[in-house]
Amino acid sequence: FDISSRTVPPEALTLRRPLILSRYGGLGSHRYPIGFSGDTISDWTHLGMLPFITSTASNSGFGWWSHDVGGFMNGNGDGELYTRWIQYSVFSPIVRMHAHKNQFEERRPWKYGIREREICKRAFEMRREFGPYIYAGNWKYYLESVPFVMPVYYRYPRSKESYICCNQYFFG
């Protein structure tokens, strides 16, 4: 924060709502920046873990959470895995496509086949339609500290079932 507070003129902060993408994970790092799940492996196992990781990030104050859409490393060019990851990312607070430089970790939808490209296009169109909803939810998180994405047990703390629904969460 110290570096960014010296490089951004104070008057600019009153005109915009800045957001910081941070890699630091120590005390206080959850206050304003977007957190992320780390450099994930491009495989079905890691994609399967993301709903749990995304929802429970709010337990430590990270309501603005992201992940490397498509995985970050060790990819094999699996078009279906990529499109499923894109579809999942529609329901993530932040969509961030990021990967290691490798020929099998392509993150541009048009570099896949027609079927994958069309699925991704529909997913991105849906995400665009959610834009105002997501923006309002994240603004509410800023004002009221109510995370936009939260585990089921936040709303149903007395329900035993809400603690075993690890891959389900509220989106807004």
Side-chain angles (χ1 to χ4, degrees), residues 4 17-26 29-139 141-142 147-152 154 164-172:
S4 63
R17 297 178 180 159
L19 206 57
I20 301 167
L21 178 60
S22 175
R23 203 174 175 121
Y24 172 71
S29 64
H30 64 282
R31 175 87 174 145
Y32 293 111
I34 300 168
F36 81 107
S37 62
D39 296 337
T40 53
I41 306 292
S42 299
D43 65 18
W44 290 99
T45 301
H46 282 81
L47 174 58
M49 295 183 324
L50 284 176
F52 174 76
I53 293 169
T54 299
S55 69
T56 57
S58 58
N59 290 343
S60 58
F62 277 105
W64 292 325
W65 189 254
S66 76
H67 50 88
D68 297 327
V69 175
F72 180 77
M73 58 189 166
N74 299 340
N76 63 8
D78 183 341
E80 184 175 354
L81 174 64
Y82 174 75
T83 56
R84 297 296 182 197
W85 214 305
I86 293 290
Q87 289 172 321
Y88 168 67
S89 73
V90 168
F91 299 99
S92 297
I94 303 294
V95 175
R96 187 173 63 89
M97 297 156 98
H98 175 146
H100 189 268
K101 192 171 186 176
N102 175 325
Q103 67 177 344
F104 298 114
E105 282 145 5
E106 180 58 62
R107 296 297 168 256
R108 295 171 290 183
W110 56 89
K111 293 289 189 169
Y112 288 88
I114 294 171
R115 180 177 178 274
E116 290 89 352
R117 193 168 49 241
E118 287 303 312
I119 292 170
C120 291
K121 180 181 176 187
R122 286 194 304 270
F124 287 130
E125 288 169 349
M126 180 185 291
R127 175 66 182 209
R128 188 177 60 233
E129 289 176 16
F130 285 156
Y133 178 70
I134 294 167
Y135 183 87
N138 281 322
W139 184 241
Y141 173 57
Y142 170 77
F148 183 68
V149 168
M150 63 182 88
V152 175
Y154 271 36
I164 59 173
C165 297
C166 296
N167 281 342
Q168 297 178 27
Y169 56 83
F170 286 100
F171 184 70

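The two residues Ser55 and Val149 make their nearest non-hydrogen contact at CA-CG1, 4.0 Å. Nearest heavy-atom pair across Cys165 and Val152 is CB-CG2, 4.4 Å. Here the shortest heavy-atom pairing between Thr56 and Phe52 reads OG1-O, 2.7 Å. Across all non-hydrogen atoms, the minimal contact from Pro109 to Phe124 is CG-CE1, 3.6 Å. The nearest pair of heavy atoms linking Leu50 to Tyr88 is O-OH, 3.4 Å.
Listed for the Ser42 side chain is a donor-acceptor partner under 3.5 Å among the backbone atoms of Gly70. Side-chain atoms of Tyr82 never come within 3.5 Å of backbone atoms of Glu116 as a donor-acceptor pair (strictly under, hydrogens ignored). One N or O on the side chain of Ser89 and one on the backbone of Ile86 form a donor-acceptor pair closer than 3.5 Å.
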Test log, rule side-chain contact (heavy atoms from CB on, under 4.5 Å), inputs Glu80 and Arg84: CA-CA 6 Å; Glu80 184 175 354; Arg84 297 296 182 197; 3.7 Å; yes
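Between Pro51 and Tyr169 there is a side-chain heavy-atom pair separated by less than 4.5 Å. Counting only heavy atoms from C-beta outward, the side chains of Asp43 and Asn74 never approach each other to under 4.5 Å. Counting only heavy atoms from C-beta outward, the side chains of Thr83 and Cys120 approach each other to under 4.5 Å. Residues Tyr141 and Ser58 have side chains not in contact (no heavy-atom distance under 4.5 Å, counting atoms from C-beta outward). Inter-residue side-chain proximity for Arg117 and Tyr112 is flagged as unmet; no heavy-atom pair is nearer than 4.5 Å. Side-chain atoms of Thr54 and Phe91, non-hydrogen and from C-beta on, never get closer than 4.5 Å to each other.
For Arg127, there are no salt bridge (Lys or Arg N to Asp or Glu O under 4.0 Å) partners at least two apart in sequence or on another chain.
Atoms OH and CZ, on Tyr135 and Phe148 in that order, are 13.5 Å from each other to the nearest 0.5 Å. Interatomic distance, CD1 of Ile41 versus NE2 of His46, reported as 5.0 Å (0.5 Å rounding). Residue Asn167 holds its CG atom at 9.5 Å from CD1 of Ile53, rounded to the nearest 0.5 Å.
Residues His67 and Thr40 bring no donor and acceptor atom of their side chains to less than 3.5 Å of each other.
Between Phe171 and Tyr133, the ring planes lie tilted relative to each other; the angle falls in the 30° to 60° range.
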